[in-house]
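Below: the structure, in structure tokens.
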2 protein chains.
Amino acid sequence: MGEKDTFLIAVDGVVFTIAHHELQILLIQRDAEPFKGIHALPGGFLRKEEELEDTIKRKLYEEANIKDIFLKKLHPFGKKGRDPRGRVITIPYMALISSDKLEVKPRAKATAAGWFCVYHLPELAFDHKEIIEDSLHHLRFEVQSTNLAYQLLSDKFTLTELQQAYEIILNQKLDKRNFRKRLLALGIVKSTTHYKREGAHRPAQLYTFKDRQYSMLKEKINISFS
Amino acid sequence: MGEKDTFLIAVDGVVFTIAHHELQILLIQRDAEPFKGIHALPGGFLRKEEELEDTIKRKLYEEANIKDIFLKKLHPFGKKGRDPRGRVITIPYMALISSDKLEVKPRAKATAAGWFCVYHLPELAFDHKEIIEDSLHHLRFEVQSTNLAYQLLSDKFTLTELQQAYEIILNQKLDKRNFRKRLLALGIVKSTTHYKREGAHRPAQLYTFKDRQYSMLKEKINISFS
DNA sequence: CCAAAAGTGTTAGTGATACACCCATGT
DNA sequence: ACATGGGTGTATCACTAACACTTTTGG
């Protein structure tokens with residue numbers, strides 16, 4: 001077992017949030033070569049004693065002050081030329097966070113972290129653009145086949161807020177009546193007795209997710225043959 | 001960049017085929033510790049100058065004489081205790097091969113390779129059982145949302161053969177008439193002017209895939225809200 | 001003429017889409 | 001009273017699911 005090649009392993013976080021009616025992603029600005037000054041996904045190298053998830057948690061905390069976040073491992077990127085320093089295999093983690101849990105004050109090393117609209121990304125280091133695109137597809141898929149959206153909203157929310165979240169992620173308008181019918185039919189939200197009153201209009205009823213636990217919607221992913 | 005930890009990276013092939021009316025998977029028998037004599041997925045360690053895909057291709061060729069195979073990268077497994085020799089991150093590749101392209105005569109190192117029904121697997125080394133389960137889910141999903149099945153059949157085939165392939169993968173009976181309607185509606189196969197005659201019954205028309213190129217079926221993966 | 005697999009259509013039900021008006025509130 | 005966003009129902013259409021008999025061949 002001694003004569004085998006070994007490699008650096010990185011993890012990268014593709015952290016999505018919704019803010020200012022935009023689907024945003026967290027980027028840091030690199031403070032060292034290569035790509036110094038260029039934006040990149042937060043992440044870092046795996047350490048010997050660490051689990052993969054712990055690495056990404058540690059880096060998200062260090063670089064963006066984010067804790068307790070939903071993470072989903074995606075498939076690795078490992079092409080030879082992807083890091084000019086040498087061979088690095090990176091494992092992306094897709095993550096979602098509610099914007100009201102946010103308080104991204106970059107800590108310590110002060111690599112300026114910031115949120116960027118996914119449709120207007122700056123130039124990116126490494127193959128991070130590709131990684132982000134992959135994650136975005138994944139996010140869109142997940143949001144339609146799981147109850148993942150609960151990660152993006154606070155405990156209580158109006159159906160309009162939820163609809164907007166879906167619209168922003170999928171980047172398309174949805175029909176209000178059909179959206180509500182569908183949600184209730186799927187049984188992923190339930191109404192509360194509380195109302196949100198603000199502005200000169202009828203107060204909106206507040207809803208919660210029945211289940212704040214990642215779960216599959218009934219197997220709707222089916223090209224059924226019978 | 002010098003003081004970072006480095007790791008062994010393995011790739012494992014989860015190679016499916018259909019034979020004898022079973023969904024089978026390729027396993028080798030380990031010829032060294034750990035897990036000597038126990039069955040495991042074919043695979044090996046990434047080398048410095050190699051792309052990930054080249055490693056898995058090389059190992060599949062060495063260990064099972066398989067070439068030119070469809071490969072899909074899945075998410076990595078990297079828990080600390082998964083390999084008793086030390087930390088290894090493994091990247092599984094799901095693969096599919098038509099059983100008539102097969103001629104698995106284990107080469108050189110003569111690690112006895114063989115095909116096993118996925119529902120009757122022997123004891124497996126490492127976390128390979130978990131990896132196989134993940135791949136199987138993936139396979140079932142892909143087969144319903146892409147034209148991937150073309151990998152499993154020879155150039156010309158009868159619709160009954162194709163249906164059996166689906167039934168075996170999904171592990172459920174399908175309705176003949178609905179299956180055919182659906183396939184033709186999706187436009188993934190087309191008829192040829194040839195027939196397969198065998199046995200004392202009406203000859204079956206032979207079909208081919210319109211497109212022997214991995215492609216998505218029309219985005220049927222949709223919990224639609226509008 | 002018998003056995004064996006191929007081939008083919010219709011109906012009922014369910015879910016998707018499209019669409020427009022009244023409601024409750026603050027100012 | 002008016003402006004603002006909240007809330008609701010119905011009709012059509014498309015797709016899914018269930019189901020049984022006739023055809024062609026070899027022996």
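Because only heavy atoms are used, hydrogens play no part in the values below, and waters and symmetry mates are left out as well, while side chains stay in. Naming: A, B, ... by sequence-line order, numbering from 1 per chain. In this text, all values refer to a predicted model and were calculated from it rather than measured experimentally.
- When distances run from any side-chain atom of Lys181(B) to the nucleotides dT25(C), dG9(C), dT8(C), the shortest one goes to dG9(C).
- Remark: side-chain polar atoms of Arg30(B) are not paired, donor with acceptor, to backbone N or O of Ala40(B) under 3.5 angstrom.
- You'll find the side chain of Leu96(B) stays beyond 4.5 Å of the side chain of Val143(B), heavy atoms only.
- A sub-4.0 Å separation between OP1 or OP2 of dT4(D) and a side-chain N or O of Arg202(A) is absent.
- Between Arg177(A) and dG7(D) there is no side-chain N or O to OP1 or OP2 distance below 4.0 Å.
- As rounded to whole Å, 13 Å separates atom C1' of dG5(D) from atom CG of Leu159(A).
- Checked against dA4(C), dT8(C), dC19(C), the side chain of His201(B) finds its nearest nucleotide in dA4(C).
- Taking atom CZ of residue Arg180(A) and atom C1' of nucleotide dC19(C), one finds them 16 Å apart after rounding to whole Å.
- The distance between atom CD of Gln164(A) and atom P of dG6(D), rounded to the nearest whole Å, is 8 Å.
- Within 6.0 Å of CD on Glu123(B) lie no more than 12 heavy atoms contributed by other residues, nucleotides or ligands.
- By the 30° and 60° cut-offs, the orientation of the rings of Phe77(B) relative to His75(B) is parallel.
- For the pair Pro203(A) and Lys176(A), both in contact range of DNA chain C, the more 5′-proximal nearest nucleotide belongs to Lys176(A).
- Between the C1' atom of dT4(D) and the CZ atom of Arg197(A) lies a distance of 15 Å, rounded to the nearest Å.
- Residue Arg182(B) has its side chain nearest to dT16(D) when only dG26(C), dA18(C), dT16(D) are considered.
- To the nearest angstrom, P of dG6(D) lies 19 Å from NE2 of His194(A).
- In this structure, Glu53(A) places its CD atom where more than 12 heavy-atom neighbours from other residues, nucleotides or ligands lie under 6.0 Å away.
- Residue Thr160(B) places no side-chain N or O under 4.0 Å from the OP1 or OP2 atom of dA5(C).
- The CD atom of Gln163(A) sits 14 Å away from the P atom of dG5(D) (whole-angstrom rounding).
- Protein atom CD of Glu198(B) is 12 Å distant from nucleotide atom P of dG27(D), rounded to whole Å.
- Computed from coordinates, the Leu174(A) CG to dA16(C) C1' distance equals 13 Å when rounded to whole Å.
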